[in-house]
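First up is the structure itself, then whatever we jot down about it.
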Amino acid sequence: MKKLIVIILFSLLGYMACYGQLNNYKYIIVPAKFKDFKNENQFRTSTLVKYLFSNEGFNVVYDNKLPTELEENPCLGAKVALINESSLFQTKTRLSLTDCHGVLFMMSQEGRTKTKDFEQAYREAISESFGSFRGLNYKYEPPKEESKTAEPITVSFENDVKSLESVSETKISTEEVKTVADPIEKLDVQAEPNLPNERGTLYAQPVDGGYQLVDTTPKVIYVLKETSSPDVFLVNKDGKNGVVYKNEEKWFIEMDEKGAKAKELNIKF
């Protein structure tokens with residue numbers, strides 16, 4: 001049962017991770033001329049791609065007609081590429097999305113057709129490729145402002161000690177010490193000794209769409225995204241996707257990487 005859950009989740013993992021990433025972009029940028037074509041909008045490829053994304057609720061612009069805010073901040077947009085893998089007897093395409101740094105973060109399914117007319121063939125193949133972007137319920141979500149780092153705790157003395165010699169000669173009573181209140185509420189927990197990181201106690205704090213797991217520092221170790229199952233969460237750590245799931249009253253994490261094995265987590269909700 002556990003293996004079946006993991007297999008199903010990893011098949012959906014890339015899809016859901018990309019869905020979350022898409023919401024970070026305000027614009028979809030469509031080239032007026034795709035790389036593998038000689039002319040602008042050849043076979044009406046640019047027009048078709050723009051129409052398909054617009055029809056799914058995306059804010060789509062051509063790369064030669066960018067709005068001012070996108071010119072000033074290119075990272076508001078994700079750029080579409082049309083990958084043409086056609087052969088003599090078959091038209092084959094894929095659509096990809098890259099960020100402002102040129103990093104690929106989504107690749108569509110392959111669309112293919114044996115239609116002979118080029119314009120009709122690209123219309124059929126691209127429409128099939130676009131199936132990967134349908135039904136995503138896209139909604140732009142501006143990035144949240146990073147919270148300001150809390151000021152550290154400071155300690156001041158009424159009679160400030162100027163040197164090590166004066167420290168040894170001066171007696172300071174507790175009444176002479178004034179402390180500034182810690183702006184962060186401390187977790188009233190005890191760190192569990194002699195446990196590896198994966199087994200140390202992690203405390204679940206509710207956040208939008210899931211939980212964040214913090215240690216006793218407190219430091220955020222993982223951010224969990226909810227799924228349709230209350231005992232299964234998606235996680236992304238250091239650019240790698242994974243899944244956190246419950247099995248026989250124990251929590252485990254399994255990352256999508258070669259040779260990775262399930263590791264037990266000690267989570268307190």
Side-chain angles (χ1 to χ4, degrees), residues 13-86 91-111 118-119 121-149 207-210 220 223 225 234 236-241:
L13 204 53
Y15 173 87
M16 296 188 71
C18 292
Y19 160 69
Q21 279 186 281
L22 272 175
N23 288 343
N24 295 333
Y25 297 97
K26 188 173 183 178
Y27 297 95
I28 296 294
I29 305 170
V30 175
K33 184 180 82 68
F34 287 110
K35 181 180 177 181
D36 293 334
F37 295 85
K38 294 181 179 179
N39 303 315
E40 281 193 4
N41 199 25
Q42 190 168 0
F43 306 123
R44 299 181 61 80
T45 49
S46 298
T47 301
L48 176 61
V49 171
K50 185 175 187 295
Y51 166 78
L52 290 171
F53 274 102
S54 297
N55 204 42
E56 287 295 313
F58 293 91
N59 190 3
V60 192
V61 296
Y62 287 121
D63 62 354
N64 58 359
K65 294 181 180 179
L66 301 181
T68 302
E69 68 169 343
L70 185 55
E71 289 182 337
E72 293 175 350
N73 184 4
C75 291
L76 287 174
K79 190 171 184 177
V80 185
L82 174 58
I83 301 168
N84 187 10
E85 301 173 328
S86 302
T91 300
K92 296 189 291 183
T93 63
R94 289 183 187 271
L95 295 170
S96 68
L97 290 177
T98 55
D99 64 14
C100 58
H101 303 292
V103 177
L104 174 70
F105 68 88
M106 188 166 185
M107 178 73 74
S108 78
Q109 64 193 24
E110 185 180 69
F118 285 125
E119 185 168 325
Y122 281 109
R123 184 182 301 115
E124 293 175 3
I126 292 172
S127 295
E128 184 178 349
S129 296
F130 191 79
S132 299
F133 299 95
R134 290 191 176 95
L136 294 181
N137 297 319
Y138 163 80
K139 182 180 180 182
Y140 174 56
E141 298 175 356
K144 298 179 180 178
E145 293 184 4
E146 295 184 2
S147 58
K148 295 182 179 179
T149 304
V207 295
D208 290 343
V220 177
V223 176
K225 291 191 175 183
L234 302 181
N236 183 283
K237 181 71 171 176
D238 298 328
K240 297 176 181 177
N241 294 321

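Bear in mind the structure is a predicted one, so any value in this text is a computation, not a measurement.
When all heavy atoms of Lys92 and Asn84 are compared, the closest pair comes out as O-OD1, 3.6 Å. In terms of heavy-atom proximity, Leu104 sits nearest to Thr98 at CA-CG2, 3.7 Å. Across Asn41 and Ser46, no two heavy atoms sit closer than the pair OD1-N, 3.0 Å. Of all heavy-atom pairs spanning Gly77 and Leu70, the tightest one is N-CD1, 3.5 Å. In terms of heavy-atom proximity, Gln109 sits nearest to Ser132 at N-OG, 2.8 Å. Closest heavy-atom contact between Leu22 and Leu136: CD1-CD1, 3.3 Å.
The number of heavy atoms from other shown groups lying within 6.0 Å of CG (Asp208) does not exceed 12. For Tyr51, the OH atom counts as loosely surrounded, since its 6.0 Å shell holds 12 or fewer non-hydrogen atoms of other residues, nucleotides or ligands.
Put simply, the side chain of Tyr138 reaches to within 4.5 Å of the side chain of Asn23, judged on heavy atoms. Side chains of Leu52 and Arg134 form a contact here, defined as non-hydrogen atoms less than 4.5 Å apart. Counting heavy atoms from C-beta on, the side chains of Val80 and Phe53 come closer than 4.5 Å.
Phe37 pairs by the ring-ring contact (aromatic ring centres under 6.0 Å, His included) definition with Tyr122, not counting sequence neighbours. With sequence neighbours excluded, no residue forms a salt bridge (Lys or Arg N to Asp or Glu O under 4.0 Å) with Glu56. Judged as a side chain to side chain contact (heavy atoms under 4.5 Å, CB included), and not counting sequence neighbours, the contacts of Asp63 are Ile29, Pro31, Ala32, Lys79. Every residue meeting the salt bridge (Lys or Arg N to Asp or Glu O under 4.0 Å) condition with Glu110, not counting sequence neighbours, appears here in chain and number order: Arg112. Not a single ring-ring contact (aromatic ring centres under 6.0 Å, His included) links Phe34 to another residue, sequence neighbours left out. For Lys237, there are no salt bridge (Lys or Arg N to Asp or Glu O under 4.0 Å) partners two or more places apart in sequence or in a different chain. Partners of Arg123 under the side-chain hydrogen bond (donor to acceptor under 3.5 Å, both in side chains) rule, at least two apart in sequence or in another chain, are Glu119, Gln120. Checked against ring-ring contact (aromatic ring centres under 6.0 Å, His included), Phe118 has the following partners two or more places apart in sequence or in another chain: Phe43. In terms of the side-chain hydrogen bond (donor to acceptor under 3.5 Å, both in side chains) criterion, Ser96 has no residue partners (sequence neighbours excluded). With sequence neighbours left out, the side chain to side chain contact (heavy atoms under 4.5 Å, CB included) criterion links Lys33 to Glu40. Thr45 meets the side-chain hydrogen bond (donor to acceptor under 3.5 Å, both in side chains) test with no other residue; sequence neighbours excluded. Looking at residues two or more places apart in sequence or on another chain, you find a side-chain hydrogen bond (donor to acceptor under 3.5 Å, both in side chains) between Glu69 and Lys26, Tyr27.
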For this session: Could you please spell out the steps behind the side-chain contact (heavy atoms from CB on, under 4.5 Å) verdict for Leu95 and Leu82?
Result: CA-CA 5 Å; Leu95 295 170; Leu82 174 58; 3.7 Å; yes

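Of the inter-residue distances, the one linking Ser129 atom OG with Ile83 atom CD1 reads 9.0 Å to the nearest 0.5 angstrom. Distance CG/Asp36 to OG1/Thr93: 11.0 Å, rounded to 0.5 Å. With rounding to the nearest 0.5 Å, the separation of CG in Leu76 from CG in Asn24 is 11.0 Å. Atom CG of residue Asn73 and atom SG of residue Cys100 lie 7.5 Å apart, to the nearest 0.5 angstrom. The structure places CZ of Arg44 at 11.5 Å from CD1 of Ile126, a figure rounded to the nearest 0.5 Å.
Under the 30°/60° scheme for interplanar angles, the aromatic rings of Phe105 and Tyr25 are found to lie parallel.
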